[in-house]
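Here the structure comes first, spelled out in structure tokens, and everything after it is commentary.
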Amino acid sequence: MGVLDTEQPDWAHYAATELILLPSFGLEGGPAEKLLYRLHWLLLEDGVRLFAVDDKHEIGEENWLRPVEKPDDAQIHLLASAFPNGPKLVQVSPDLLQRFRTDPGPLRLVPNCRYQTVSLHPGPDPSPMPGSAPVLTVEVVDATSGKAVPGAGVELFEDVPHAIGDLGTSDSAGRLDLKVAGVPLKVERLYVTPPGTGYWGRFAENIVITSSPYQVALDPVAAAHVDAARRVYPSVDTNGAGVRVGVVDHGIDAGEVPVAGGSNLVLGEPDGDHGDDGTGHGTHVAGIIANKQAVAPGGIAPAAEIFSYRVFGVGMDATSFSVLMAVVAAAGDDCHLINLGVGGLAHDVILRDLDIWAADHGSVLFAATGNDWGGNVTIPAALHSTLAVAAVGRVGTFPAGSLEDAYIGTRSTTDNDDFFASFANYLPNRAVDLIAPGVGILSVREGGGYGPLSGTSQACAVATGAAARALTNASWLTDAADLARSAAMKNHLIPNTQRIGLPLDL
């Protein structure tokens, strides 16, 4: 019946969940290979209509179905289709799954892998020692006015290797109580993450807290502040003209970053609901690329057209199929550059084939390498045609003692203020295609305001914006959307990069 990709993990887990049916090679079946042409049973769409397939008939997309007499005879539930003669999201009965495993044929059946946002976290959350009681009150205040700062996240580590400590979020009075061994207290590391807008965070290590309450002052962020990205790429209104950029992420708040179009690719959600899902990640990324607001830091390519493709449901991971559908939609909207805001380490046949398909359809993919503190470059960044972007930073582009101090890694040999971000994945050696500023990068947030975030997602947005900037009004932007166009764009971009004195093996 089909070819099972034997490199996939734990098929018992996937038997009762979603799988993807696709041709034996690539994402599109050729003229002689209709995608579903030798399936015997099919349950289509919402589970109300039941169909069977004639084994002797080469199936198109319309007249190849006939009802089966018993619902139990249906072995595949078709949930969604990427495009005619292309991948199908399905649920498969255990017996048919077994047939795919043992009876090779013209089809493949692969897992619908899960992907998370490429987010940044210091490491395992700290936990108090058993029996600890709340004995330390932390007050988070504005360093200029002294007013309380609610919504700041505090992580205190008494013992970093054993993750002993406590964490919490400041309340409306800017206060929170932590369970610790006692005061005075030796603190190995203290991370204070600012609320979404308006402030820099705070980082300290090997300090002694002598009394409670302990006050932490956060520096306000000024819109005129020049971060590491704008230091390299000052915003110019015409930068990015003629370039269409797809942002595959958590959606974009169009009130903050105007969008030219897009779609929601989460199964079961309205197609037109491609706004920010509340995380703010997609809006921050899009603002780095093309923010046009004068009250916040300008985008690197503000004249570029932005398209929003939401692949995360509220509180849900993205999937191989939602990312596939997003890139297909972006190609349909003739996006030249596509910024992928997902990452994972699964062996994913769908994204591997999508990597090739996107290049063949005239688009260049950008993806973050991941924030696992020097680990392996994640999928899709590790794929062949996708440009993998890691993060760098620069001392002096964020306040001393801010959260960004925690991310200073290997220093440049040519300018000691430049450094590789300690959180950025780069293994195996030479797996990174590009580096870009990704530490303390300012951008707009969902619902209004602006603030800094750090991560390879921010670096990837900077790289995508820089690429749009470099491609401003390029002649090949209007060429046919094919491999020649994507190759021309890459051939223009890569020679215009420059080294900043970081060793290749870090």
Side-chain angles (χ1 to χ4, degrees), residues 118-120 142-144 149 151-152 192-203 218-237 239-240 247 249-250 252-253 255-258 276 279-302 304 306 339 341 368 371 389 391-408 417-419 421 423 436-466 468-469:
V118 186
S119 57
L120 176 60
D142 184 305
T144 301
V149 177
V192 181
T193 304
T197 62
Y199 292 97
W200 297 95
R202 183 66 66 187
F203 172 71
L218 302 187
D219 293 317
V221 177
H225 181 88
V226 178
D227 63 15
R230 278 71 178 198
R231 176 182 175 274
V232 180
Y233 306 109
S235 185
V236 177
D237 289 346
N239 283 342
V247 177
D249 211 295
H250 283 265
I252 299 170
D253 183 343
E256 300 302 316
V257 182
D276 198 296
T279 66
H281 189 273
T283 301
H284 198 271
V285 162
I288 292 170
I289 298 169
N291 173 51
K292 300 173 176 62
Q293 296 187 53
V295 296
I300 293 169
I306 297 293
N339 188 103
N371 304 320
V389 186
V392 294
R394 183 171 176 83
V395 174
T397 61
F398 46 84
S402 68
L403 186 59
E404 287 69 25
D405 273 355
Y407 309 141
I408 298 175
D417 285 340
D418 290 327
F419 60 87
F423 54 75
V439 178
I441 307 303
L442 297 174
S443 186
V444 293
R445 304 304 302 267
E446 81 289 357
Y450 55 91
L453 283 177
S454 298
T456 52
S457 289
Q458 279 62 47
C460 190
V462 172
T464 303
R469 178 191 184 103

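Given the structure is predicted, the values throughout are model-derived calculations rather than measurements. By convention here, the first residue in the shown sequence is residue 1.
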How about E256 and R445: do any of their side-chain heavy atoms sit closer than 4.5 Å?
no

Is a side-chain N or O of R202 found less than 3.5 angstrom from the main chain of G401, in a donor-acceptor match?
yes

Between CD of E446 and CD1 of I252, what distance do you get to the nearest 0.5 Å?
12.5 Å

Looking at D417, I want to see if its CG is surrounded by more than 12 non-hydrogen atoms of other residues, nucleotides or ligands under 6.0 Å.
yes

Of all the heavy-atom pairs spanning S402 and P399, show the shortest one and how long it is.
OG-O, 2.8 Å

Can you tell me how far apart OG (S119) and NE2 (H250) are? Round to the nearest 0.5 Å.
8.0 Å

Please examine the side chains of D418 and V392, heavy atoms only from C-beta on, and report whether any two atoms are closer than 4.5 Å.
no

Minimal heavy-atom distance between V232 and P437, with the atoms involved, is CG2-CG, 4.4 Å

Output for pair (I289 CD1, R469 CZ), nearest 0.5 Å, gives 14.0 Å

What closest approach, in Å, do A222 and Y450 show between heavy atoms, and which atom pair accounts for it?
C-OH, 3.7 Å

Gap separating the CD atom of E404 from the CG atom of L453, nearest 0.5 angstrom:
9.0 Å

Would you check if D142 and V149 make a side-chain contact, meaning some heavy-atom pair closer than 4.5 Å?
yes

Restricting to side chain to side chain contact (heavy atoms under 4.5 Å, CB included), what partner residues turn up for D227, sequence neighbours left out?
H225, A229, R230, I441, L442

Test of understanding: with side-chain hydrogen bond (donor to acceptor under 3.5 Å, both in side chains), list the residues that count as partners of N239, not counting sequence neighbours.
none

Side-chain heavy-atom pair L218, W200 within 4.5 angstrom cut-off:
no

Tell me the closest heavy-atom pair linking V257 and A290, and the distance in Å.
CG1-O, 4.4 Å

With sequence neighbours left out, what residues match S443 under side-chain hydrogen bond (donor to acceptor under 3.5 Å, both in side chains)?
none

Any side-chain heavy-atom pair of V226 and T397 under 4.5 Å:
no

Given F203 and V192, is the side chain to side chain contact (heavy atoms under 4.5 Å, CB included) satisfied, shown in steps?
CA-CA 6 Å; F203 172 71; V192 181; over 6 Å; no

Write down the atom of A368, the atom of C460, and the distance for their closest heavy-atom approach.
N-SG, 3.7 Å

All ring pair (Phe, Tyr, Trp, His ring centres under 6.0 Å) counterparts of Y407, not counting sequence neighbours:
F423

For N371, give me all partners under side-chain hydrogen bond (donor to acceptor under 3.5 Å, both in side chains), at least two apart in sequence or on another chain.
T456

Quick one: are F419 and V439 in side-chain contact, heavy atoms under 4.5 Å?
yes

Compare every heavy atom of A391 with every heavy atom of G455, then report the nearest pair and how far apart it is.
O-CB, 4.1 Å

Regarding H281 and S457, is there a side-chain donor-to-acceptor distance under 3.5 Å anywhere?
yes

Heavy-atom side-chain contact between V285 and N339 under 4.5 Å:
yes

I want to check something: taking the side chain as every heavy atom from C-beta on, are L403 and S454 in contact at a cut-off of under 4.5 Å?
no

Worked check of side chain to side chain contact (heavy atoms under 4.5 Å, CB included) between V444 and T283:
CA-CA 7 Å; V444 293; T283 301; 4.1 Å; yes

Do H284 side-chain atoms and G451 backbone N/O form a donor-acceptor pair below 3.5 Å?
yes

Using the test side-chain hydrogen bond (donor to acceptor under 3.5 Å, both in side chains), find all partners of D405 that sit at least two apart in sequence or belong to another chain.
none

